[in-house]
Amino acid sequence: QLSGRWFLVGMASRCSYLAEHSYRLEATAVTVTIVDGQSLAISTFRKLDGTCWEIRQRYLPAQAHGRFLLKGRGYGSKVEVVVGETDYSTYAILYYQKGRSISVKLYGRTSQVSDAIADKFEQRVRAVGLNEDVTYYFPHYG
């Protein structure tokens, strides 16, 4: 049910790179495809310095439903991904945890979501100890 096109609407993270470069955020689209009936193939399209880039990732299924593992290069570079909440047709809130660091992302089937969904996202952000100072919304164009 998660398959298809999504837009990255908002993100909350203490990532220092994001804080320093938030003025450069570009509209970001994501295509989710189910592979082998379990894994998620994630294809992210974003613009960087005027060039469109595609980033491909594979989220491997973890022990519980709605939980995935994103393996990176090197020791300790795995990211746990949890589908926290979704209605599959308008929005999805995902949690990304690497070590002790956590980020929350809001995806929408369109580049804009309702105020009620944005409020729900901000509640989930506060629930994991983040706040509006580290919450960024992505532009709707591009």
Side-chain angles (χ1 to χ4, degrees), residues 1-49 51-140 142:
Q1 290 177 319
L2 276 178
S3 62
R5 187 176 177 98
W6 293 89
F7 293 89
L8 182 54
V9 176
M11 178 176 179
S13 175
R14 286 198 180 95
C15 170
S16 58
Y17 181 86
L18 185 60
E20 292 169 20
H21 297 91
S22 62
Y23 65 92
R24 297 180 68 191
L25 291 179
E26 291 279 357
T28 301
V30 176
T31 302
V32 179
T33 309
I34 309 300
V35 182
D36 64 37
Q38 302 176 66
S39 300
L40 302 180
I42 310 294
S43 184
T44 303
F45 295 92
R46 65 179 301 258
K47 206 162 81 175
L48 181 63
D49 296 329
T51 303
C52 191
W53 290 83
E54 179 183 15
I55 302 159
R56 294 181 182 180
Q57 298 173 310
R58 170 87 45 108
Y59 292 10
L60 303 171
Q63 290 87 5
H65 180 74
R67 291 180 170 269
F68 299 90
L69 191 61
L70 173 60
K71 293 182 180 178
R73 293 189 183 101
Y75 175 77
S77 61
K78 69 179 182 182
V79 178
E80 295 178 59
V81 181
V82 177
V83 179
E85 187 172 334
T86 184
D87 67 357
Y88 301 106
S89 61
T90 25
Y91 79 99
I93 298 172
L94 274 65
Y95 298 90
Y96 295 78
Q97 185 164 358
K98 182 177 179 180
R100 298 178 63 113
S101 174
I102 191 163
S103 299
V104 186
K105 292 184 180 181
L106 171 62
Y107 293 93
R109 289 291 187 181
T110 61
S111 61
Q112 293 179 281
V113 295
S114 69
D115 290 344
I117 290 172
D119 289 345
K120 190 179 293 199
F121 168 64
E122 290 172 7
Q123 289 171 10
R124 302 304 180 265
V125 165
R126 287 190 299 274
V128 296
L130 300 173
N131 61 31
E132 63 275 352
D133 293 343
V134 295
T135 301
Y136 307 92
Y137 286 94
F138 286 71
H140 313 221

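Just so you know, residue 1 is the first one in the sequence shown, and it goes up from there. As the structure is a computational prediction, the values presented were derived from the model and not from experiment.
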- Item | Where Gly108 and Val9 come nearest, the two heavy atoms and their spacing | N-CG2, 3.6 Å

- Message: Using a 3.5 Å distance criterion without hydrogens, assess whether the side chain of Ser3 forms a donor-acceptor pair with backbone atoms of Val32.
- Response: no

- Message: Filter on salt bridge (Lys or Arg N to Asp or Glu O under 4.0 Å), then keep only pairs touching residues 124-137, sequence neighbours left out; what's left?
- Response: Glu85-Arg124

- Can you tell me how far the NZ atom of Lys105 sits from the OH atom of Tyr136, to the nearest 0.5 Å? 13.5 Å

- Item | Nearest-0.5 Å distance, OG1 of residue Thr33 to CG of residue Leu40 | 9.0 Å

- Query: Should Val113 and Thr90 count as side-chain neighbours, where that means a heavy-atom distance under 4.5 Å?
  - Reply: no

- Task: Would you indicate whether the side-chain heavy atoms of Tyr107 and Leu2 approach each other to under 4.5 Å?
- Result: no

- Task: Decide yes or no for Tyr91 and Ile93: does some side-chain heavy atom of the first lie under 4.5 Å from some side-chain heavy atom of the second?
- Result: yes

- Side chains of Val104 and Met11: does their closest heavy-atom pair fall under 4.5 Å? no

- Item | Check: Arg5 main-chain N/O paired with Arg109 side-chain donor or acceptor under 3.5 Å | yes

Return a table of donor-acceptor pairs under 3.5 angstrom between the side chains of residues 54-61 and protein atoms on other chains or two or more places apart.
from: Glu54; atom 1: OE1; to: Arg56; atom 2: NH2; distance (Å): 3.4
from: Glu54; atom 1: OE2; to: Ser43; atom 2: OG; distance (Å): 2.4
from: Glu54; atom 1: OE2; to: Arg56; atom 2: NE; distance (Å): 3.1
from: Tyr59; atom 1: OH; to: Tyr96; atom 2: OH; distance (Å): 3.3

- Query: With sequence neighbours excluded, what pairs up with Gln112 under the side chain to side chain donor-acceptor pair (under 3.5 Å) test?
  - Reply: His140

- Closest approach of Phe68 and Gln38, non-hydrogen atoms and distance? CE2-O, 3.6 Å

- Thr28 side-chain N/O to Glu26 backbone N/O, donor-acceptor pair under 3.5 Å: yes

- Without swapping roles, check the side chain of Arg14 against the backbone of Ala19 for a donor-acceptor pair under 3.5 Å. no

- Query: Any side-chain heavy-atom pair from Leu130 and Ser13 closer than 4.5 angstrom?
  - Reply: no

- Task: Starting at OH of Tyr137, measure out to CG of Leu106 and round the result to the nearest 0.5 Å.
- Result: 7.0 Å

- Task: Would you give the length of the straight line joining atom NZ of Lys120 to atom CG of Asp87, rounded to the nearest 0.5 angstrom?
- Result: 7.5 Å

- Item | Atom pair CZ (Phe45) and CZ (Phe7), whose distance is rounded to the nearest 0.5 Å | 11.5 Å

